[in-house]
Amino acid sequence: MAEQIRVRFAPAPTGYMHIGNLHTALFNWLFARQQGGAMVLRIEDTDELRSTPEALGVVYDGLRWLGLDWDEGPNVGGPYRPYVQSERLEIYQAYVQKLVDAGRAYECFCTPEELEEQRQLMRARGVPPRYDGRCRDLTEEDKQRRREEGRESCTRFRVKETGNTIINDIIQGEVTYDNALIGDPVIVKTSGYPTYHLAVVVDDHLMEITHVIRAVEHLPNTQIHLQLQQALDIEPPRYAHLPLILGEDRTKLSKRHGAVAVTDYAAQGFLPEAMFNFLALLGWSPGSEEEILSRQQILERFSLEACGSSPSVFDVAKAEWMNGEYVNRADPQYLADWVLPILQEADLMEAEPSHQRQQWLVAVVELMQSRVKLLSTFTTWARYFFTDDFEYENRARREWLNDAQTPPKLTALANRLEALSAWTPDTIEGTVRGLADELGLSAAKVIHPCRAAVTGTTIGPSLFHLMALIDQSAVVGRLRRAADLSAASELQPSGDEESQ
Ligand code: GLU
């Protein structure tokens with residue numbers, strides 16, 4: 001029988017999900033789904049940060065946003081439950097005992113101050129700091145004395161002092177670590193909680209994980225995990241360490257680069273399918289120049305072997321371009337469903353729009369979608385659909401609104417539009433062109449100032465169509481307002497015009 005592939009995504013629930021975590025989840029998911037394997041969600045809360053329902057919710061939401069499902073996990077159960085490490089403490093205890101009995105784990109009484117001193121000394125000697133092993137061979141008496149001194153103890157794993165640990169990584173290839181360079185890691189903290197190293201090894205074993213796919217930052221940890229597995233007589237899973245994701249300055253992607261939380265990208269109006277496509281191409285290549293690939297195409301072509309080991313850069317402009325491609329092709333009704341909460345968050349749409357208002361939003365989206373990359377654009381550049389409260393861009397001021405001929409044109413246009421009994425692109429167009437004819441002007445000489453007055457911008461979709469989507473009375477009001485402001489010289493270009 002073919003091996004049942006089992007992978008796991010194992011986030012620490014910090015109440016925040018970095019886009020790099022989602023990338024790891026995606027690659028696990030792709031591999032599992034393509035191989036007909038199982039995707040396990042395991043919550044690694046052995047850190048001081050305890051798991052809260054909110055923090056779990058952030059993990060679930062992030063995965064669901066990208067459309068990644070899981071077969072086993074805290075909320076869906078499964079044969080290897082519990083899937084939250086803080087609920088598995090007794091399980092780890094048995095493995096610690098096994099290590100202690102085999103002489104591979106020992107009590108360490110060093111205080112944080114002593115450890116810091118050790119580190120300083122090593123640095124001063126020019127060697128990489130590590131635990132110096134001073135509690136390795138304490139006698140029972142030594143231990144007793146320390147306990148009487150009121151010292152707390154943790155448990156450390158006794159690593160090998162000689163030889164190498166070799167990792168055969170599916171993505172990174174063969175990586176060799178010198179055993180002499182690492183100190184004995186803590187496996188049980190003074191609090192009695194296991195550390196990540198112990199918990200991850202035990203759980204990957206008990207949950208029968210076949211492939212550990214995680215970020216390359218964990219590669220140095222893997223030498224410890226391999227040693228632990230050997231000491232516990234556990235067969236190691238196969239490892240695939242995904243390449244680093246860098247910001248545009250080629251340092252590791254972090255909060256310094258701006259938005260990195262999954263929720264930030266959703267709030268900016270990235271579509272999940274665009275992010276899926278974009279993240280899949282960070283570290284994996286379909287073997288061709290194609291960039292727009294559907295979920296299905298990616299699933300069909302994905303392989304761990306085709307993942308590269310060199311870091312990839314999170315190119316924001318490319319991500320936005322890709323999102324634009326998806327926005328451009330999307331069904332307007334579907335897009336409107338994503339745009340609505342973004343507008344509501346910005347107080348530009350009511351909490352419970354009527355069916356009619358929703359249909360109106362679909363029409364706005366349809367008119368704009370070929371020009372929009374991020375859906376948040378609807379709250380900035382295209383906010384004029386939703387409110388009279390928008391800025392007049394400098395270019396609109398300079399080219400059209402700061403012109404003595406503009407106020408009378410806008411006023412005349414307002415009067416005529418106000419009198420229209422039908423508010424459609426055709427009637428609006430007829431009115432605008434009719435006025436231009438009467439004034440002996442090219443249509444452009446009326447269209448441009450009109451656009452500037454109604455939208456505050458100089459570019460956008462068909463003016464007549466966009467005006468038809470805004471209330472007649474609002475359009476008339478905007479034309480009069482711009483006429484008044486312009487006549488009062490209040491629409492002069494401002495300040496650092498060149499930068500606009
Ligand atoms: N809890 C670890 C993290 O969030 C998971 C590492 C692993 O996949 O082994 O980085």
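Remember, it's 1-based here, ligands and their atoms both numbered in the order they're listed. None of these values were measured; they are calculated from a predicted model.
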### Query
Can we say Asp233 and Lys98 salt-bridge, meaning some charged N sits less than 4.0 Å from an Asp/Glu carboxylate O?
no
### Query
Do any pairs count as a ring-ring contact (aromatic ring centres under 6.0 Å, His included) and have a residue in residues 87-115, sequence neighbours left out, and if so which ones?
none
### Task
List in chain and number order the residues that pass salt bridge (charged side-chain N to carboxylate O under 4.0 Å, His left out) with Glu300, two or more places apart in sequence or in another chain; answer none if no residue qualifies.
none
Atom pairs, nitrogen or oxygen, ligand 1 to protein, under 3.5 angstrom:
from, atom 1, to, atom 2, distance (Å)
ligand 1, 1 (N), Ala10, O, 2.8
ligand 1, 1 (N), Glu44, OE1, 2.6
ligand 1, 8 (O), Arg8, NH1, 2.7
ligand 1, 8 (O), Arg8, NH2, 3.4
ligand 1, 9 (O), Arg8, NH2, 2.8
ligand 1, 9 (O), Tyr196, OH, 2.8
ligand 1, 9 (O), Arg214, NH1, 2.8
ligand 1, 10 (O), His218, NE2, 2.9

Side-chain donor-acceptor distances from residues 339-353 under 3.5 Å, at least two apart:
from, atom 1, to, atom 2, distance (Å)
Gln344, NE2, Glu350, O, 2.9
Gln344, NE2, Ala351, O, 3.0
Glu350, OE1, Arg357, NH2, 2.8
Glu350, OE2, Arg357, NE, 2.7

### Query
Would you call the rings of Phe302 and Phe27 parallel, tilted or perpendicular, where under 30° means parallel and over 60° means perpendicular?
perpendicular
### Query
With distance as the sole criterion, is a donor-acceptor pair present between the side chains of Asn75 and Trp70 under 3.5 Å?
yes
